[in-house]
Each structure stands twice: as C-alpha cells, then as structure tokens.
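Indexing begins at 1, ligand by ligand and atom by atom, following the structure's order.
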Amino acid sequence: MNERETLRINEKGHLELGGADTVELAKKFGTPLYVFDEKHIRNMLGVYRDTILEEYDGNGLVLYASKAFSCKAMYIIAAQERVGVDVVSGGELYTAVQSGFPADKIYMHGNNKLLRELEYALDCGVGTIVVDSFREADILDGLAAKRSKKQNVLLRINPGVEAHTHSFIQTARTDSKFGFSVADGTAANITEYVLSKNNLRLKGFHCHIGSQIFEKQSFVLAAAKLTEFIAAIKDKTGYEAEELNLGGGFGVWYNDEEPCLGLSDYADYLKAIINEVKSCSERLGLKPPFLVIEPGRSVVAEAGITLYTVGAIKDIPAIKKYIAIDGGMFDNPRYALYQSKYTVLLANRADEKCTEKVSIAGKCCESGDLIAVDVPLPKAESGDIMAVLTTGAYNYSMASNYNRNFIPAAILVKDGKADYIIRPQTYEDLVRNDCIPERLK
Ligand SMILES: *Cc1c(COP(=O)(O)O)cnc(C)c1O
C-alpha cells in the first residue's frame, strides 16, 4: 500500500483516511461509499499552484480538470485554493456556476460542444472557450456577435505526440478525434481563420496529450512542439500567442506496477515543463507565454477510496475465487473500460497478511463486472469491509445507475471529521424522470 500522510493503518488494524477510521465510516454512512481526503486534494492543487508561482513568477494558472470528479464541494475547494477549473459539458459548467465558482476562471473544452452548451457558456461569462472545429469557430463567433461580446478562445492543437498510456486515453496522436493537426497544416489554417473573426479574441493554444502519463519526456516534448508552433505562427502571420495551455495527464499510483509519486515529484513534472517553455521561448525569441496546466486525475485519484461490504464468496476450485461486493461497474467502470488495475484491501483487517489471490466481482448482471482480477487478499469473509484505493478520479464521474443500482454517496474527510458532499440516492431518485404515457395506463 502507498502509505502517506493521510492514508495509514491504525492501532486496530483498520485502514484510516484523513484521520477517520474507514470501518467506522462504513458503519456510519453505509456502503458502497466514496471517501475523499480533503487534505490530499488541497495539497495537490497547492503544489501545482505554488510551482507556477515560484518557478514561473506566477505567470500562469492551474485549472482543475473537473471531469475527474465533479460536484459542488469540489468546485468550492478549487476556488478556495485559488485555481481555475475546466469543464467539458453544460452539466459540469452548471455545477461549477451553482457552487459560486467565478466564471472568468472557467475554461470550456469539448470536441463537439452543443449549441445550447455554447450559448449557456456565453451567458454565464465563461472566461475561455477552447475551440476544436471550424464549425465551432463560426457558431461561437455568431453567438458572441449576437451578445455584442468578444469571446476569449484558445485552439486545441494536436502536436502528434504519442504518450505511453492506454490508447483510449491517448489524445494527441495524429488520428485523434481531438484538435487541429500541426502536421497537415490545419492548425495554422484555423489560427488564421479565428484571427479573422470579429467576435473571437484568440489568446493562444492548447494541447492535452493524454492521461496517466509518467514519462516527463512526453510533457516536455509537447511543451516544445507547442512553443515551436507559436513561433511558426508568428513567422507566418505576425500573431504571437500570449497563452499556452498544456493540459493535464500526470500519472498516479493505482498498484505497484506504477511508481508512487509524492508532492515533490509532481512539482518536478511541472518544473520540467516550465523549463522547456522558458528555454524554447528564449531560443525562438518569444515572450514566455502565460502557462496553463489542467491536472485532473492527479488531484483527486489518490485522495479517494471506495468502501464496500463483502457479500457472496464463490470458490471455483483450482480456477478462480470471486469475492462479490455491494458495488461494481456502476460505481467504478474502469476495469470494464480499460482493465484498470487497483489495489484492494480489507479495511477491517488491513494489517493481515495476504494469503490468496481473488477476483473482486460487482453485483451487476455482466460477467465483465469486475473491479480487480487475481489480486492478493487475506481470506475474506462475508461482512468484511473492502477498500479499493485510488478511486477518486473517473469513478463517481463515470458512475451510472446500471441495473438501477444507486450511485454511492461521497463523503469528505479531514482531521477525522466526515461530511456528505454527495448524498445517497433513493428509490424515488431512480424513477424521478420516468413517465407513463396515457396509452399505457
Ligand atoms: C481529461 C483532460 C484533462 C485532465 O487529464 P488528467 O489525466 O485527468 O489530468 C485536462 N485537459 C483536458 C482537455 C482533458 O480532456
């Protein structure tokens, strides 16, 4: 286990997060339950924010990529930590706005933003919209004109950097659905196109090369390619971009196949990026651009764990042993989507030795509904509390009501205090939008 300041095993042999005994949390709030460690979230946002402050004279901004975990409390924490956020849908934007988040520090992404999402973004006064198609540039220019506004935009650029990660979470390969390619000249064309629009103000360029990336070199390469792109555009058109947004993608520890990084390691990633942007800018005679980064996963993933109760245990001798839990792909679809690997432990017997290899099955009607396969565990019994670590990112945000299971509640813990940030669903919630047409009555 990746023990750290706020995740440890206490005297009772129980897993403790943010000063709270997780077995007590399971008893008090029920399972399945998402638990978030407030201190870890604040530490992560703080280290990115302070690195820009210290290494780049504060000439930049950290955006929390809120698709990783979006709820009102999360936007409030981001605002308190003096970072911006990015959103990728009207729903995320609405949640941010409802939490009181300052609209000028919101960036909006998306490869196919809907007309109503763009209208809503303009009406909210979203600070920056990251344009990802010619069509979007036209629509946005028209909407801004109607409102007598000049909308700040960035362009999503695809620099053709291949990062070593799962192909579904690589986003800057030449065949990606995201961005304007530098290689085929589209990126230069859209730049000139947007510069010609009366109601768009081009601030600069954006790229995001993927997620769960550990190689510093991938980030550094993207920084270099984008800075070179700024220079190429300046040569061609005289326009010098003032802002460079390099996205997120920093990797996190899920299990021991991955490195376990501390706060200073994340600072090092950002320092490497900053140094590259500085040296490229100098070499190319550019003013160092306002630098934006957008970490999502690394802010919340390790801050979150999910607690379950062990139910049925099915032993298929010499083949497989399944430990079934009261959750599954409806609260964590990442194994089903990407065969993601997790670290699993028994929260009530966290100090015991692992004696067998088991697979953790959910309760949905799908054989692929698994949380982990062949993971070490002490001999589990029905009623044990199971903890799956590193579930803070892309778990709640990807959860569904499949099989009409409840999406679990989420609580925020700090110094042993625990409060709901997402309340439990009820059966009424599940039928709230159901309608019965007259002819069925
Ligand atoms: C998903 C995403 C991020 C965040 O990526 P992480 O891997 O969660 O850090 C940042 N920017 C954009 C545009 C994204 O799509």
Side-chain angles (χ1 to χ4, degrees), residues 40-41 44-45 47-49 51 60-70 74 78 83-89 91-93 96 105-113 117 121 126-133 136 153-159 161 163-173 176-180 204-216 218-219 222-223 226 243-254 258 261 265-266 269-270 273 291-304 334 337-338 340 390-398:
H40 188 82
I41 295 172
M44 287 303 303
L45 291 173
V47 77
Y48 290 128
R49 180 198 60 219
T51 302
L61 181 67
V62 176
L63 306 179
Y64 164 59
S66 67
K67 72 176 189 281
F69 176 57
S70 173
M74 199 50 223
V83 302
V85 297
D86 80 48
V87 299
V88 294
S89 72
E92 285 178 4
L93 175 55
K105 279 170 92 179
I106 301 177
Y107 283 55
M108 187 171 210
H109 287 289
N111 68 309
N112 185 29
K113 301 173 198 75
E117 291 176 322
V126 160
T128 306
I129 296 180
V130 184
V131 170
D132 200 349
S133 70
E136 184 187 346
V153 298
L154 295 178
L155 296 176
R156 179 153 184 166
I157 302 300
N158 181 345
V161 172
H164 285 174
T165 187
H166 192 292
S167 63
F168 289 4
I169 48 179
Q170 280 183 349
T171 51
R173 299 186 343 170
S176 172
K177 75 166 180 174
F178 296 106
F180 301 99
F205 304 113
H206 162 81
C207 83
H208 171 70
I209 56 171
S211 202
Q212 188 58 5
I213 297 165
F214 286 99
E215 298 162 273
K216 222 171 253 164
S218 303
F219 295 110
L226 266 280
E243 180 166 327
L244 181 55
N245 177 333
L246 291 172
F250 308 105
V252 302
W253 174 88
Y254 283 99
E258 278 129 3
L261 307 182
D265 298 305
Y266 290 103
Y269 277 101
L270 189 44
I273 291 171
L291 181 66
V292 179
I293 58 152
E294 303 174 320
R297 185 190 306 273
S298 57
V299 174
V300 285
E302 291 183 55
R334 293 189 67 257
L337 273 174
Y338 325 111
S340 309
T390 318
T391 59
Y394 305 110
N395 275 230
Y396 172 77
S397 60
M398 286 186 170

Quiz item: Which is it for Lys105 and Val83 under the side chain to side chain contact (heavy atoms under 4.5 Å, CB included) test, yes or no, and what are the steps along the way?
Solution: CA-CA 8 Å; Lys105 279 170 92 179; Val83 302; over 6 Å; no

Below 4.0 angstrom from a heavy atom of [X], which ligand 1 atoms are there? Numbered from 1 as shown, please.
X      : result
Ala65  : 3 (C), 4 (C), 10 (C)
Ser211 : 6 (P), 7 (O), 8 (O)
Gly248 : 9 (O), 10 (C)
His206 : 13 (C)
Glu294 : 3 (C), 4 (C), 9 (O), 10 (C), 11 (N), 12 (C), 13 (C)

Quiz item: If you measure from each non-hydrogen atom of His208 to ligand 1, which part falls under 4.0 Å: side chain, backbone, both or neither?
Solution: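 Just the side chain.
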
Self-check item: Candidates Ile129, Asn112, Val130 - the one meeting side-chain contact (heavy atoms from CB on, under 4.5 Å) with Glu136
Solution: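 By the side-chain contact (heavy atoms from CB on, under 4.5 Å) criterion, Glu136 pairs with just one of Ile129, Asn112, Val130: Ile129.
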
Quiz item: Is there a side-chain contact between Ile106 and Asp86, using heavy atoms and a 4.5 Å cut-off?
Solution: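 No; the side chains remain at least 4.5 Å from each other.
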
Practice problem: Measure up the His109 and His206 rings against each other and bin them: parallel (under 30°), tilted (30 to 60°), perpendicular (over 60°). | Solution: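 Rings of His109 and His206: tilted, as their planes differ by 30° to 60°.
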
Has ligand 1 got any nitrogen or oxygen that is less than 3.5 angstrom from a nitrogen or oxygen of [X]?
X      : result
Gly296 : yes
Ala68  : no
Arg156 : no

Would you please determine whether [X] falls within less than 4.0 Å of ligand 1 on a heavy-atom basis?
X      : answer
Pro295 : yes
Ser298 : no
Tyr394 : yes

Quiz prompt | Closest to atom 14 (C) of ligand 1 (judged by heavy-atom distance), picking from Lys67, Arg297, His109 | solution =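 Residue with the shortest heavy-atom distance to the ligand atom: Lys67.
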
Quiz item: Counting distance only, does the side-chain N/O of Ser298 pair as donor-acceptor with the main-chain N or O of Val252 below 3.5 Å?
Solution: no

Quiz item: Residues in salt bridge (Lys or Arg N to Asp or Glu O under 4.0 Å) with Glu117, at least two apart?
Solution: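 Checked Glu117 against salt bridge (Lys or Arg N to Asp or Glu O under 4.0 Å); zero matches.
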
Quiz prompt | Donor on one side chain, acceptor on other, Thr51 and Tyr269, under 3.5 Å | solution =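 Absent: no donor and acceptor within the cut-off.
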
Practice problem: Could I get the full list of side chain to side chain donor-acceptor pair (under 3.5 Å) partners for Tyr64, not counting sequence neighbours? | Solution: none

Practice problem: Hey, could you give me the OG/CZ distance between Ser133 and Phe178, rounded to the nearest 0.5 Å? | Solution: 12.5 Å

